[in-house]
Protein chains: 2
Amino acid sequence: MPHSRRHSITVVDIAREAGVSKSTAARVLASRGSASQEARRRVLTAAEKLGYRPNALAKAMASGASMTIAAVIPDIASPYFSAVMRGLIDAARANGFEVLLTNTDNDAAVEERSIEVLAEKRVDGFVIAPVFQEHPRAIERLVAEGSPVVLLDRRTPALGHVPLVSLDHVGASRLAAGHLLDLGHRRVALITEAPARVQTADLIASGADDTALRPSQQRQIGFARAFEERGLVVDDSLVIHAEYSATSASKVFGRALDEGLDFTAVYCTDAVLTYGAFQAVAERGIRLPERFSFVGFDDQNWTTVVSPPITVVDQPTHALGVAATELLLGLIRDHDAVVTDLQLPARLVPRGSTGPRGQ
Amino acid sequence: MPHSRRHSITVVDIAREAGVSKSTAARVLASRGSASQEARRRVLTAAEKLGYRPNALAKAMASGASMTIAAVIPDIASPYFSAVMRGLIDAARANGFEVLLTNTDNDAAVEERSIEVLAEKRVDGFVIAPVFQEHPRAIERLVAEGSPVVLLDRRTPALGHVPLVSLDHVGASRLAAGHLLDLGHRRVALITEAPARVQTADLIASGADDTALRPSQQRQIGFARAFEERGLVVDDSLVIHAEYSATSASKVFGRALDEGLDFTAVYCTDAVLTYGAFQAVAERGIRLPERFSFVGFDDQNWTTVVSPPITVVDQPTHALGVAATELLLGLIRDHDAVVTDLQLPARLVPRGSTGPRGQ
DNA sequence: ATGAAAGCGCTAACAA
DNA sequence: TTGTTAGCGCTTTCAT
C-alpha cells in the first residue's frame, strides 16, 4: 500500500485479479478492441468483485474527451434559464455528457473568469448566453482555438459567426402585436427594457441582421413589423421604457396609467416586465380587458391564476435547451460541421386579458 | 508536431521558453514551493506569451482533487431547486469549486446512474436531494468509501448518519398553523401530499427522529404540534390528501369546497399544492379571507399579484444552497470533520389572505 | 533555489 | 487475440 491515501482499484488491479495483461483488461472494460470470451468473463468478474470504478479523469486525459460540457448563463434561478437548462441537461445526459453549470449575473468579468476556469477543466464544448459587451475576449479565444461553442438566446455583434440557438424574438412579437391589431386595437403600448434612445423606425431601418441585437430590441422590431405588415405605424409615444426589473416596470407603467396615457392595449416584451406591469394593474384594481387588453411574455404560472388569466407569448424553453445541446454535440463530434442558427418559434396563448377594442 | 491533434501548451513548453526546468516552471505556475525572482518573472512572461492554460484534468489526476462538486437534485426547473442551486453554485465558486449538475426526476434508477457517473468523474463531493427509497445503494456506497456527501432538503431512513441541510419543516408548519390558530381559527384544513393512511396522531407518536420522514410528513407533524402546544387537537377529517401535482390539489380541494367541507382556514404544505389549491379558489370566485383564511407554502411570485395577496411560509432557498455547499466543503477539507445537521428556519409572511376567524 | 524522476489511471499505437 | 510501450500534463518526493 504505497500511499496512506485510499488506493483505488485500477485496470492494473483488475488485470492482476483476472490473470490477464493490463491492455486486455482495459480493452474489455472499455468494450473496445477484441478479447476472447474467456478473458472477457474473467475481467468482468474481477471488476465486479473488486468494485471497479473507472476513472473518467484519466480517461479524459488520455482520450482528449471529457464528456462534459459547460453551460454559462446569467442566472439559474430565473424561471426562463432554469427551464432551458433542464432541457440542456436532459439532452446532454441522453448523449452521455454531464454539464458544468455556472452563473454570470450578466457580469462580463465573471463570465470571462468562468469560461477560463471551465476551459481549464477541458470541457468538450460550451453553451453560452453571453453578456452584452464589445469584446467578449474569453469567448473569442475559445472560438479562435476551435473550441465548440453555441450561443444561447442572444448574440453580441462581435460573435456574428458563432452559431446561435434562440427564440425567434422578432416573430414572437409579431405574433403578440398581430393578435392585438387583429382585435382592432390601434393605440398599442409597448413595455420594453431596450434603451430609450432607440426609435422604432431606426431599429427597423437598421435592418440587416436582427440577431446581432439584444432580444429586447428584436422584440421591439417584431412589434413594429406587425404594424408595418398591416400598413400601420408605431406611435413612439406609446413605447414605455423600463429598467430590467419588476419594480421599475411597475413604477413606469403605473405612472403611465396614472397620467392617463391614451392606449387600448399593452404588450410587455419580457417576463419580468410583465410581472411588474401586472402589479401596477392589480394595485389599481383595473379590470381587464375592459379597460385595455394585456399581453405578457412567457407562460409564467401566475398568469393563469389571476383574474382574468393573462394572454401570453410562450417560449419553448425546454426545446431551446435541447436544441442548443444537440447543436453543440454536433460540433463536438465534428469541429468543422456546418452549423446554422436555430430560431425556435414562440406560441401565442390567448386568454382572458385580451379582447376586441371598445368592448 | 507529434499529433495532428492541436498540441496544447504545457508546462514543458513554458519551461523551454523560459529556459528553466520543468519543475521550476511548474512551481511558479502553481505558486507553490520556491523560485527566484528572476525565474518567476521569466516563467510568467513565457506563460503569458504562449497563452498557457493549465490543464485542470492533469492537475486533478496528479493531486487527487478535482475542485468540482456534484449536485444531484430532482429537477432544476423547479423554482425551489433552481433557487437553492443558485446559492450552491455561488458558494462553490466563491471557494474555487465548479459544480456538475444533474436531475433525477425522483427516479431511483436515474439517481443511481447519475451518482455513479459523477463518481467516475472524481468529483470531490456530493450534495444530494435523495429519492425516497429503502436502499439508495449508490449513496450508501459513496458514504462507505468515505466520499464527502451532504443531503439536501430530506433524508431517507437508511441514510440516518449522513449530514443533512434542510428547512426546519416542522417549525415551518408550526409557524403557519400557529398563525391561523392565533387568529382564532379552530377548524383548520391541511392539504398534504403525505400518504393518506398516516394519521396525524400516529405521526406525532412515532416521535424519535423527524428528519427521517418525508418533508411532507414533517410538515404535517409541525401542524399538529401547533395544535398540541395550545391544548388543541387536529381533526383528521380536515386533512386533505392530494397527489404531488397542482392538478390533483386543485381537484381534491375543489371537491372539498363543493361538498361544503366545514373549515375556516386552510394551510397548504407545499408550493405545488398551494398553486393547485389556489386555482380551485380562483375558479370558484371565492373571496379571501372572508370565506376562509389561506396560507401557502413558498414565496412564489404569483402570491403577491393575486387578490388578496397570499400569506405564505417562506424558505431561505439561497441560504440552504450556501449552507449545503459550505458543509460539504468542510468535509472535503477534512473527511473526518464532525458535521452536524443544519435546519434553517422558515419565515412567515403575513398578507391579505389570512384574517381573524369570523371576520 | 533548482532539477530529475516517478507516478496519477487511462488510451492508443504497435508488436507479437 | 494478447501484451508491450509510450504518452496525456500535471504534482510530488527526493536530491543537489
Side-chain angles (χ1 to χ4, degrees), chain A residues 1-43 46-47 50-68 119-122 124, chain B residues 1-44 46-47 50-68 117 119-122 124:
Chain A
M1 206 162 290
H3 297 308
S4 63
R5 177 196 304 163
R6 188 190 346 284
H7 184 69
S8 64
I9 310 298
T10 75
V11 218
V12 180
D13 300 310
I14 305 297
R16 189 184 319 112
E17 173 78 20
V20 300
S21 79
K22 176 184 158 188
S23 357
T24 301
R27 249 179 272 123
V28 356
L29 289 174
S31 31
R32 189 195 328 278
S34 48
S36 63
Q37 282 299 323
E38 176 59 8
R40 166 167 288 101
R41 196 188 56 70
R42 299 176 61 181
V43 169
L50 301 184
Y52 174 66
R53 177 135 65 194
N55 184 328
L57 250 29
K59 212 174 261 190
M61 189 83 213
S63 71
S66 65
M67 301 308 281
T68 303
E120 291 182 2
K121 291 202 194 286
R122 297 299 191 266
D124 296 327
Chain B
M1 205 162 291
H3 295 310
S4 64
R5 177 196 304 164
R6 187 190 348 283
H7 184 67
S8 64
I9 310 297
T10 75
V11 218
V12 180
D13 299 310
I14 305 297
R16 189 183 319 111
E17 175 78 20
V20 299
S21 78
K22 176 183 157 187
S23 340
T24 301
R27 249 178 273 123
V28 357
L29 289 174
S31 32
R32 189 196 328 277
S34 48
S36 65
Q37 283 300 322
E38 176 59 9
R40 166 166 288 100
R41 196 188 56 70
R42 298 176 61 181
V43 169
L44 260 20
L50 300 185
Y52 174 65
R53 176 135 64 194
N55 184 328
L57 250 31
K59 211 173 261 187
M61 188 86 213
S63 71
S66 66
M67 301 308 282
T68 303
V117 171
E120 292 182 1
K121 291 205 193 285
R122 296 302 190 263
D124 296 327

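On a predicted model such as this, the values are computed, not experimentally measured, just so you know. Just so it is clear: chains get the letters A, B, ... in the order the sequence lines come, proteins before strands, and each one is counted from 1.
- Here the closest heavy-atom approach between residue B:Met67 and residue B:Asp124 is recorded as N-OD2, 2.5 Å.
- Of all non-hydrogen atoms in B:Lys22 and B:Val11, the two that sit nearest each other are O-CG1, 4.1 Å.
- In terms of heavy-atom proximity, B:Ala46 sits nearest to B:Glu17 at CB-CG, 3.4 Å.
- In terms of heavy-atom proximity, A:Lys59 sits nearest to A:Pro54 at NZ-CB, 3.9 Å.
- Atom NZ of A:Lys59 and atom C1' of C:dC8 are 16 Å apart (whole Å).
- If you measure from atom NZ of A:Lys121 to atom P of D:dC10, you get 14 Å, rounded to the nearest angstrom.
- Computed from coordinates, the B:Arg16 CZ to C:dA4 P distance equals 14 Å when rounded to whole Å.
- Counting to the nearest Å, the P atom of D:dA6 and the CE atom of A:Met61 are 18 Å from each other.
- Considering all non-hydrogen atoms of both residues, B:Ile9 and B:Gly51 come closest at CG1-O, 4.4 Å.
- You'll find the side chain of A:Ile14 reaches within 4.5 Å of the side chain of A:Leu50, heavy atoms only.
- Across the helix from C:dA1-D:dT16 to C:dA16-D:dT1, the helix axis at one end is tilted relative to the axis at the other end by 40° (nearest 10 degrees, each axis from five pairs).
- For B:Arg40 (side chain) and B:Val28 (main-chain N/O), no donor-acceptor pair under 3.5 Å exists by modelled atom type.
- Minimum interatomic distance between A:Gly19 and A:Arg42 (heavy atoms only, all atoms of both residues): CA-NH2, 4.1 Å.
- By the 4.5 Å heavy-atom criterion applied to side chains, A:Thr68 and B:Lys121 are counted as neighbours.
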Please tabulate, one pair per line, each protein N/O and nucleotide N/O from nucleotides 1-3 of chain C that are separated by under 3.5 Å, including the distance.
unit_1: C:dA1; atom_1: OP2; unit_2: B:Ser34; atom_2: OG; d: 2.3
unit_1: C:dT2; atom_1: OP1; unit_2: B:Ser36; atom_2: OG; d: 2.8
unit_1: C:dT2; atom_1: OP2; unit_2: B:Ser36; atom_2: N; d: 2.5
unit_1: C:dT2; atom_1: OP2; unit_2: B:Ser36; atom_2: OG; d: 3.3
unit_1: C:dG3; atom_1: OP2; unit_2: B:Ser21; atom_2: N; d: 2.8
unit_1: C:dG3; atom_1: OP2; unit_2: B:Ser21; atom_2: OG; d: 2.9
unit_1: C:dG3; atom_1: OP2; unit_2: B:Thr24; atom_2: OG1; d: 2.6
unit_1: C:dG3; atom_1: O5'; unit_2: B:Ser21; atom_2: OG; d: 3.3
unit_1: C:dG3; atom_1: N7; unit_2: B:Arg27; atom_2: NH2; d: 2.6

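- For A:Arg32, whose side chain is taken as the heavy atoms from C-beta onward, the closest listed nucleotide among C:dG9, C:dT11, D:dC10 is C:dT11.
- With rounding to whole Å, B:Met67 atom CE is found 17 Å from D:dC10 atom P.
- Look at CG on A:Asn55: it is 17 Å from P on D:dC10, rounded to the nearest Å.
- One atom, CZ of A:Arg53, and another, P of C:dG9, lie 14 Å apart when rounded to the nearest Å.
- Atoms CG (A:Leu57) and P (D:dC8) sit 17 Å apart, rounded to a whole Å.
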